[in-house]
Amino acid sequence: MKVEALLNPRTWLSGLSLALLLSGTGCGSEDPNAATQEEPSQEEALTMALARPNFQAPFACGQSWTYSHHSAEVRRALDFVKNGGDTNGQPQFASAAGYATRHFQDGGAGNYIKIDHGGGWMTYYFHLSAYSVPNGTQVAQGQQIGVTGSTGASSGPHVHYEQLLNGVGQDIVLNGVSLAPYPSSYGSRSIISNNCPCVIMGDIKAKYDAVNGPVLLGACQAGELSTPDGVGRYNHFERGSIYWTQTLGAHVVMGQIRLKWEQLGWERSVLGYPITDELVTPDGRGRYNHFERGSIYWTPELGAWEIHGNIRAKWEQLGWEKSQLGYPKTGELATPDGAGRYNHFENGSIYWTQTTGAHEVRGLIQAKWAELGWEKSYLGYPTTDEQATADGVGRFNHFQRGSIYFTPATGAHEVIGDINTKWVELGRQAGLLGYPLTDETKTPDGVGRFNHFQNGSIYWTSTTGAHEVHGPIRAKWESLGWETGALGYPVRDEYAVTGGRESEFQKGFLTLNTATNTVTVRMK
């Protein structure tokens, strides 16, 4: 849920006038010794943490209260006083539904109530002048639990309020918004309570009725509220929410998809407002909501993940979860170099940069790219999706500075730089060399680089450039010790001569007599 945390100029006071107004409140004067309050039981400490309840302010709907924190305060507590005075005698309300117990501590918290919300979550309400509920009772969110006072070690009326998870104090979050960092004095920050009666009405009520809300979503937990941007309205229920805007209508968000949306920042996130209810994917395996600028997809195995922007558009183009990629298994993430964005999927990934666009990489081609170092490798980012070669035998992705080619017989291998340029010039896999059998590899002497292909090799040095060697001439050169032999590196591609073929090397020539299929050596 959302909260309107604000500076209220009508309650902005000078230090002197504020001191006069608040004199006698004694805010923060309670004993800071946490050991004087209940320690969590072993059972509570071992409770698995569930999602944070949708805590609301502990005072009446629509009221504005200012708050502060001081260094002696226990367990990340906040003290609240009502803007405009009249703090004493104000009703205090349950922040969320739970099991309420009454307590008393002389000289410390005074009369106080603890509410167990389940999942390890607790809230505390100190210094009550009176209790409003019996001890050990279930209370609803927004139900009055006590009356504000100044009992215990407090010299003036105020609300001392805490939120704990498994006995550890947490920063106060109300209506989905954290109040941290805390101010050290009253008057600088205020909050308007959205702890309102749970009323369902209008288009939200129509949607609730249409989806059999009592069964699907459960009971209302927060009345219809306005979103912080003023554009939308929403109700929270036991198992989900309904959000509405004038242009998009009312839509249901629930379960793990709702939790992911909450983690991202609700409608203030990159996704915006929902434009569909939660729906079942065509294969029946997953569930999803579409939003204004993206989607959240969920499966039991992978959980819920968001996808948006150009990456989502590429995934849609490929066929959503029915594509080769399958379902997302991460949200959109930034690459280490900061230039790109990506989502990983069950069977691959989509990578995007401003200059290359969004492209999918998957299977053994992705595995090779990952082995080489992803986008940090010499290849850089993908510039194509995975595609089939013209002969139907292989698959490939082109990257910024090279390619990875795959066939079942040869595996996946990269071809980059000047060697790639030469291979392209020769017709790639359709040319005389065929598919690569190796990645680009350093020669033993450290001077050159090479790729072996099905029908030959390309060798490169900075002085000789990149040249192909194939057939009987390559076999002869191999028998002589490759580039470490007497001939050195090739300096020309194989060319025709009278009676056969020839390749020139740094220190000589290899000539093939096509009539006899013999290769002779001629030194320079």
Side-chain angles (χ1 to χ4, degrees), residues 1 3-8 10-13 17-30 55-70 73 77-98 100-105 108-115 123-134 137 139-163 172-175 179 182-183 185-198 222-223 225:
M1 289 179 76
V3 72
E4 296 174 11
L6 48 90
L7 291 177
N8 188 338
R10 291 174 294 180
T11 59
W12 188 270
L13 302 171
S17 60
L18 184 61
L20 292 172
L21 173 67
L22 299 179
S23 61
T25 63
C27 295
S29 60
E30 55 269 2
F55 291 125
Q56 292 297 313
F59 37 85
C61 177
Q63 287 186 350
S64 175
W65 290 55
T66 181
Y67 54 92
S68 73
H69 172 84
H70 60 84
E73 202 68 85
L78 276 177
D79 294 329
F80 292 86
V81 296
K82 188 172 181 290
N83 278 319
D86 302 324
T87 298
N88 194 42
Q90 290 290 333
Q92 288 191 32
F93 297 95
S95 286
T101 52
R102 293 162 36 162
H103 305 270
F104 173 74
Q105 182 191 57
N111 299 319
Y112 70 97
I113 279 182
K114 176 179 75 172
I115 301 179
T123 51
Y124 286 81
Y125 312 76
F126 286 5
H127 309 309
L128 301 172
S129 63
Y131 304 110
S132 301
V133 292
T137 187
V139 295
Q141 184 170 10
Q143 181 176 342
Q144 183 173 339
I145 56 171
V147 178
T148 304
S150 185
T151 60
S154 169
S155 58
H158 68 285
V159 175
H160 171 110
Y161 176 73
E162 302 177 18
Q163 293 175 357
I172 303 301
V173 175
L174 297 176
N175 208 21
L179 301 191
Y182 294 165
S185 62
Y186 294 110
S188 62
R189 291 174 66 184
S190 297
I191 186 170
I192 297 174
S193 173
N194 272 332
N195 202 345
C196 303
C198 207
L225 300 168

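Excluded from the calculations below are hydrogen atoms, water molecules and symmetry mates; all remaining heavy atoms, backbone and side chain alike, are included. Only a predicted model underlies this, so the values are computations on that prediction, with no experimental measurement involved.
Residue Thr66 comes nearest to Gly187 through the heavy atom pair OG1-N, 2.7 Å, listed as atom of the first residue, atom of the second, then distance. The two residues Gly149 and Asn88 make their nearest non-hydrogen contact at CA-OD1, 3.6 Å. In terms of heavy atoms, Thr151 sits closest to Ser129 at CG2-CA, 4.2 Å. Scanning all heavy atoms of the two residues, the minimum distance from Ile192 to Ser64 falls at CG1-CB, 4.2 Å. Nearest heavy-atom pair across Glu162 and Ala77 is CG-CB, 3.5 Å. Minimum interatomic distance between Ser95 and Ala57 (heavy atoms only, all atoms of both residues): OG-C, 4.4 Å.
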- Item | Val147 vs Ser132, side-chain contact (heavy atoms from CB on, under 4.5 Å): CA-CA, chis, key distance, verdict | CA-CA 7 Å; Val147 178; Ser132 301; 4.1 Å; yes
- After noting the C-alpha distance and the side-chain angles of Asn83 and Ser190, does the key distance pass the side chain to side chain donor-acceptor pair (under 3.5 Å) rule? CA-CA 8 Å; Asn83 278 319; Ser190 297; 3.1 Å; yes
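Side chain of Thr87 to main chain of Lys82: a donor-acceptor pair is present (N/O by atom type, distance under 3.5 Å, no hydrogens or angles). Asp79 contributes no side-chain N or O that, together with a main-chain N or O of Tyr67, makes up a donor-acceptor pair within less than 3.5 Å.
In this structure, CG on Leu174 lies 7.0 Å from CZ on Phe59, to the nearest 0.5 angstrom. Once rounded to the nearest 0.5 Å, the distance linking CD1 of Ile115 with CD of Gln143 reads 8.5 Å. For the atom pair NE2 of His127 and OG of Ser150, the computed distance is 7.0 Å after rounding to the nearest 0.5 Å. Between atom CD1 of residue Ile172 and atom CG of residue Leu179 there is a gap of 7.0 Å, rounded to the nearest 0.5 Å. To the nearest 0.5 Å, the span separating CD on Gln56 from OG1 on Thr123 amounts to 12.5 Å. For the atom pair Ile145 CD1 and Lys114 NZ, the distance stands at 13.0 Å (nearest 0.5 Å).
Ring pair Phe126/His160 is parallel by interplanar angle, where below 30° counts as parallel and above 60° as perpendicular. A parallel orientation is assigned to the rings of Tyr112 and His103, their planes being inclined by less than 30° (bins at 30° and 60°).
Remark: the Gln92 side chain and the Thr148 side chain contain an N/O donor-acceptor pair separated by less than 3.5 Å. At a cut-off of 3.5 Å, with distance as the only test, no side-chain donor of Ser193 or Gln63 sits close to an acceptor on the other residue.
Remark: aromatic rings of Tyr161 and Tyr125 are close, center separation under 6.0 Å.
Side-chain contact check for Ile113 versus Val133: some heavy-atom pair is nearer than 4.5 Å. Using a 4.5 Å heavy-atom cutoff, the side chains of Asn111 and Tyr131 are in contact.
Checked against His69 for a ring pair (Phe, Tyr, Trp, His ring centres under 6.0 Å), the options Tyr182, Phe80, Tyr186 give a single hit: Tyr182.
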